Amino acid sequence: MFENREPVLKYFEEISQIPRGSENEEGIADYIVSFAIKRDLSYKRDAMGNVVIYKPASHGLEHHSSVMLQAHMDMVCEKDPESNHNFLTDPIEFIEKDGWLYANKTTLGADDGLGVATMLALLDSSFSHPDLVCVFTVQEETGLYGAKGINPEWLKANRMISLDGEMFGETIVSSCGGRDVIVKRKLHKKRNELPVYQIEVSGLLGGHSGDEINKERGNASILIGRILKRLVDEGIRYSITDISGGKKANAITRNAYVSIATESYIADFMLEIENDLRKEYQNSDPDLRIAMKQIESSYSYTREETWDIVNMLFLAPHGVLSYSTAIEHLPVMSLNLGIMEISDDVLSMTFSTRAVLKSQRDYMASYLRTLAMVWNFNCFEEGDFDGWDYNIQSPLRKILKKEFKAVYDEDIIESATHGGLETGIFKGYNPALDIITLGATAVAIHTSHEHLDIDSLVELYHFLKHFLGKL
């Protein structure tokens, strides 16, 4: 599609042919290493799959301070229910329409394939620049594990440009920290002879649990909890046979279902509940649907376990818990139930907690531990990472603002994000690191509606060639 167009588009198309979901980055890492070898560029690769490529400074800039460019190789793998796409084997199928690039009923991988493609295009171009340290990390979407595992000795730079931005003309000035909290419960089967009904919540917009958490979108798993509690309040006796929702801790759950064994007639209640929820979410999730069908199951879980599950799910906090008092509309503390599943008769719920301060993450983890203890769940924590604080004196950002104004005759937008970035980890390795972020314009990240403004990616590539020549 992009063979005879800008090199950055060509590289994005090439890497999109390679499956690169989180923890499946070996193929893309092989591609990047082969890229470096063919161009006689020095590189390093670790056991995780992180790759660093070094490009010597152009003539006249040999004594300028080096610059680290960074992006992550992995992508979130989400698709529409009717899609047959296999993220382990299939390339992303592009659809170009009116200057925008979409995927066919799947995530596009703009986050952060755009950053990877931009670095490859820069490494393959001739232009003025200081020494470049191009860092390609793995497993960002599952907990920033690649950045956490990389050897800091490989990162010889005091200036960093993160290419994990989502809008051209914007630079992020701080990011949020996070931690996953997992609650688990061993369940016990009993023989079932009652009718079984599967209740499914679908049609929600979902989105990134950092970027979209303040848009009041519904979480399908949380809504399943409301439905189950509503049935209890209506006097319906039932036992859960299965429950599931979401695939990624950092994605707001779009679809979820629960199966219950009951002798009660519940169809009318389902219609009432659907009407109520559609009114509540008519603006944020206008396509919300609740469907019910009868299925077969020879077993169910005990009534006692069902009651504990219902209470745990119903009382689980969700969404923004507090906003910044310094930056308008910026969440500083939030919770998202991203994964809910039963495997080998163990129910697990994975919550993504986000907060600027460690004390706030500790608070949310303590809340969930307490809730888990009350309803006989076990609780675990993993993947804690720090945020990146705002640096009002950033020299690199000062140059960025000057050059963006000179090129486009407008001011670059400065924003803070509730999303987690690898910048905080790299800042931890080197407290003197001066950081800015840049990116192309991509919309509906982490959903099957994700799409890219094609011209913005081309602009990003050309602006970086100009900007790096000024450093």
Side-chain angles (χ1 to χ4, degrees), residues 44 46 48 50-55 57 61 63-72 112 115 119 129-140 143-165 170-179 210 324 326-327 330 332-333 353-362 381-402 412 414-439 464 467-468 470-471:
K44 296 181 184 294
D46 62 20
M48 293 185 71
N50 295 307
V51 180
V52 180
I53 298 178
Y54 304 91
K55 185 175 184 180
L61 296 181
H63 300 297
H64 289 221
S65 297
S66 58
V67 177
M68 181 171 78
L69 301 172
Q70 187 269 328
H72 60 88
D112 189 22
M119 283 198 289
H129 59 82
D131 284 332
L132 299 181
V133 181
C134 292
V135 182
F136 303 83
T137 53
V138 297
Q139 299 180 40
E140 189 268 355
L144 314 182
Y145 294 120
K148 291 177 181 178
I150 201 168
N151 185 345
E153 295 298 318
W154 295 0
L155 314 175
K156 297 297 185 181
N158 287 327
R159 300 185 290 179
M160 174 184 177
I161 304 174
S162 166
L163 296 175
D164 201 10
E170 176 185 66
T171 187
I172 304 299
V173 299
S174 70
S175 62
C176 204
R179 183 185 312 171
S324 171
I327 302 176
L330 176 67
V332 296
M333 188 164 56
T353 72
R354 294 178 184 271
V356 175
L357 302 177
K358 180 178 179 296
S359 61
Q360 295 169 320
R361 300 194 296 277
D362 289 343
E381 300 172 29
E382 62 181 31
D384 189 78
F385 63 93
D386 290 328
W388 158 41
D389 290 334
Y390 176 63
N391 175 15
I392 194 172
Q393 301 296 335
S394 167
L396 188 58
R397 192 170 68 249
K398 183 177 180 180
I399 300 172
L400 171 64
K401 292 166 68 175
K402 175 184 175 183
I412 197 165
E414 298 182 45
S415 300
T417 178
H418 191 56
L421 299 177
E422 293 159 297
T423 46
I425 295 169
F426 292 115
K427 183 75 170 180
Y429 293 148
N430 178 9
L433 190 63
D434 191 7
I435 304 171
I436 61 170
T437 75
L438 288 170
L464 275 168
F467 180 60
L468 289 167
K470 301 297 183 178
L471 300 181

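Values in this document were obtained by computation on a predicted structure and should not be read as measured data.
- Two residues are said to be in side-chain contact when any heavy atoms from C-beta on lie closer than 4.5 Å; Leu396 and Leu471 meet this criterion.
- Distance check, rounded to the nearest 0.5 Å: CD1 of Ile150 to NZ of Lys44 gives 11.0 Å.
- In this structure, CG in Asn50 is found 13.0 Å from NZ in Lys148, a value given to the nearest 0.5 Å.
- We find the CD1-CZ distance between Ile392 and Arg397 to be 8.0 Å, quoted to the nearest 0.5 Å.
- Shortest non-hydrogen contact noted between Glu422 and Leu144 is CG-CD2, 3.8 Å.
- Taking the side chain as every heavy atom from C-beta outward, Leu155 and Phe426 approach each other to under 4.5 Å.
- Residue Leu69 holds its CG atom at 6.0 Å from CG of Leu468, rounded to the nearest 0.5 Å.
- The two atoms that bring Ser394 and Asp434 nearest to each other are OG-OD1, 2.6 Å, heavy atoms only.
- When all heavy atoms of Leu433 and Lys427 are compared, the closest pair comes out as O-NZ, 2.8 Å.
- For the atom pair CE (Met333) and NE2 (His418), the distance works out to 9.0 Å, reported to the nearest 0.5 Å.
- To the nearest 0.5 Å, atom CD1 of residue Ile436 and atom CG of residue Leu163 are 9.0 Å apart.
- Of the charged side-chain nitrogens involved, at least one lies within less than 4.0 Å of a carboxylate oxygen, so that Asp362 and Arg179 count as a salt-bridged pair.
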Check step by step if side chain to side chain contact (heavy atoms under 4.5 Å, CB included) holds for Gln70 and Thr137. CA-CA 8 Å; Gln70 187 269 328; Thr137 53; 3.2 Å; yes
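- The side-chain heavy atoms of Tyr145 and Ile425, taken from C-beta on, include no pair separated by under 4.5 Å.
- Residues Val135 and Trp154 form no side-chain contact, since every pair of their non-hydrogen atoms from C-beta on lies 4.5 Å or further apart.
- Side-chain N or O atoms of Asp164 include none that pairs as donor or acceptor with a backbone N or O of Asp112 at under 3.5 Å.
- Heavy-atom minimum distance, Thr437 versus Thr171: O-OG1, 2.8 Å.
- Counting heavy atoms from C-beta outward, Ser175 and Thr423 have side chains that approach closer than 4.5 Å.
- Proximity of a side-chain donor or acceptor of Arg159 to a complementary backbone N or O of Val67 within less than 3.5 Å is not detected.
- Summarising the geometry of Ala71 relative to Met119, their closest heavy-atom pair is N-CE, 3.5 Å, with the distance given to 0.1 Å.
- Minimum heavy-atom separation, Gly149 to Asp46: O-OD2, 4.3 Å.
- Residues Phe467 and Leu400 are in side-chain contact: their nearest non-hydrogen atoms beyond the backbone lie under 4.5 Å apart.
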